[in-house]
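No experiment lies behind these values; they were computed from the predicted model shown. Throughout, protein chains are lettered first and strands after them, A, B, ... in sequence-line order, and every chain is numbered starting at 1.
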Number of protein chains: 2
Amino acid sequence: MDPVDEIQAQWRRHRPDLDVEAMGPIGRLGRIVHYLTREMDRNLAQFGLTAASFDVLAPLRRAGPPYSLSPGDLLATMMITSGTLTNRIDQLEKAGLVARAPNPDDRRSFLISLTEAGFATIDAAVTSHVETQKRLLSILPEEEQAALDPLLRSFLAGVAARASG
Amino acid sequence: MDPVDEIQAQWRRHRPDLDVEAMGPIGRLGRIVHYLTREMDRNLAQFGLTAASFDVLAPLRRAGPPYSLSPGDLLATMMITSGTLTNRIDQLEKAGLVARAPNPDDRRSFLISLTEAGFATIDAAVTSHVETQKRLLSILPEEEQAALDPLLRSFLAGVAARASG
DNA sequence: TCCACTTATCTTGACATCAAGATAAATCAG
DNA sequence: CTGATTTATCTTGATGTCAAGATAAGTGGA
């Protein structure tokens with residue numbers, strides 16, 4: 001009886017007409033992600049970053065030289081609204097981790113680039129970040145990790161297909 | 001190559017020293033939950049609820065008669081801070097879905113109860129909510145659902161043990 | 001060329017959340 | 001019984017997010 005089982009049991013007692021089967025896996029997914037997120041956030045905080053700022057710096061870093069992308073490029077990878085991204089870039093610009101420059105290809109747009117400080121920060125943070133992820137995933141025995149990933153792949157593919165197309 | 005694979009491939013090219021294996025399953029978990037959450041939120045919105053308000057009303061409903069709990073009882077089930085809960089209860093009270101009454105057992109505390117309107121709202125919402133969950137989970141073929149849940153159970157148990165004890 | 005339409009980004013206003021601290025009541029040791 | 005500590009909830013101030021709309025520049029057909 002994990003906490004999700006308890007919740008299902010309560011519903012079964014007080015709303016026996018409901019089919020609460022799906023609540024099990026979906027509830028567990030949510031809780032797992034909640035805990036993982038909290039740990040990853042704690043780790044990033046050591047570098048002065050939040051998940052939000054990490055998610056802007058990381059695409060710039062992994063894009064390779066010259067470490068610059070337009071807000072639109074960033075948005076495409078990020079499941080947030082444009083206003084949120086504007087705000088995140090503002091904060092990172094104030095912190096000196098990125099710089100805005102005019103986009104020579106499109107005067108409506110900008111190029112957001114890592115500064116030297118931004119490069120150093122994301123490089124150190126991502127090194128620690130992947131170690132944290134490895135540690136968190138290793139909570140699950142290796143055979144179970146191996147069994148889990150194909151299922152997540154399948155689920156994500158289905159869910160994304162339904163969301164976008 | 002799903003979007004998470006693309007991100008890993010970029011890191012491997014530009015930071016070949018990193019072990020980005022764990023990013024795969026952890027990234028997929030996050031994205032799956034993001035999509036599921038969005039769908040569930042949309043469904044709840046039809047009842048004038050958010051995930052936040054649902055998460056207060058639901059424990060009251062499944063507690064059974066007299067459908068009342070203290071803020072502390074609610075907090076224990078809810079992974080949020082006390083200030084957030086205060087605010088949620090304030091909103092629900094304004095909306096007429098719950099009522100605050102003094103707690104006869106402890107004068108520091110209150111009893112939060114479903115009003116008639118609150119009861120009707122959560123009863124309709126949860127009926128639709130479990131149907132939505134069932135529909136979302138059925139994106140995954142049944143054998144894969146059956147394989148997934150034990151893995152999530154194991155992962156949640158490990159992660160929760162690490163978080164709390 | 002010109003106008004309508006689309007695209008890229010930013011702005012505004014409302015709201016939910018958290019961390020930290022305040023308040024008040026309960027508990028417990030002596 | 002008293003003072004110190006703990007517990008339960010609320011308050012405050014800062015921040016991040018979104019939805020909707022504004023602004024400005026690019027695009028394409030007549």
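Put simply, CG on B:D105 is 16 Å from C1' on C:dT27, counting in whole angstrom units. The CD1-P distance, from A:I89 to C:dT9, rounds to 8 Å in whole Å. Rounded to whole Å, atom P of D:dC10 lies 7 Å from atom CD1 of B:I112. C:dC15 atom C1' lies 15 Å from atom CD1 of B:I80, rounded to whole Å. Atom CZ of B:R88 is separated from atom P of D:dT9 by 15 Å (rounded to the nearest Å). Protein atom CG of B:D55 is 14 Å distant from nucleotide atom P of C:dA16, rounded to whole Å. In this structure, NE2 of B:H34 is placed 8 Å from P of D:dC18, rounded to the nearest angstrom. With rounding to whole Å, A:D73 atom CG is found 16 Å from C:dT7 atom P.
Nucleic acid contact for B:G72: sugar-phosphate only, since backbone atoms but no base atoms lie under 4.0 Å from a heavy atom of the residue. Backbone-only engagement by A:D106 is indicated by non-hydrogen atom pairs under 4.0 Å involving sugar-phosphate atoms exclusively. Heavy atoms of B:L85 sit nowhere under 4.0 angstrom from any nucleic acid atom. Using a 4.0 Å heavy-atom distance criterion, B:L75 is classed as making no nucleic acid contact.
Put simply, the side chain of A:S82 and the base of C:dC10 share a donor and an acceptor less than 3.5 Å apart.
Taking side-chain N and O atoms only, B:T81 has no distance below 4.0 Å to OP1 or OP2 of C:dT17. Contact annotation: B:R107 does not reach the phosphate of C:dA24 (side-chain N/O to OP1 or OP2, under 4.0 Å). Between C:dA8 and A:S70, no contact under 4.0 Å exists linking OP1 or OP2 to a side-chain N or O. Contact between the side-chain N/O atoms of A:T86 and the OP1/OP2 oxygens of C:dC10 is found at a separation under 4.0 Å. OP1 and OP2 of C:dA8 both lie 4.0 Å or more from every side-chain N or O belonging to A:S109. Side-chain nitrogen and oxygen atoms of A:R100 include at least one within less than 4.0 Å of the OP1 or OP2 phosphate oxygen of C:dC10.
The closest side-chain donor-acceptor pair between B:S70 and B:N103, if any, does not fall under 3.5 angstrom.
Of the candidate nucleotides C:dA25, D:dG26, C:dT17, C:dA25 has the atom nearest to the side chain of B:R108.
Note: A:F119 and A:Y67 have perpendicular aromatic rings, judged against thresholds of 30 and 60 degrees for the angle between ring planes.
With respect to B:R12 and B:D19, no salt bridge is recorded, no charged nitrogen being found less than 4.0 Å from a carboxylate O. A salt bridge is absent between B:R88 and B:E93; no separation between the charged side-chain nitrogens and carboxylate oxygens falls under 4.0 Å. Under 4.0 Å is where a charged nitrogen must lie from a carboxylate oxygen, and between A:D90 and A:K94 no such pair does.
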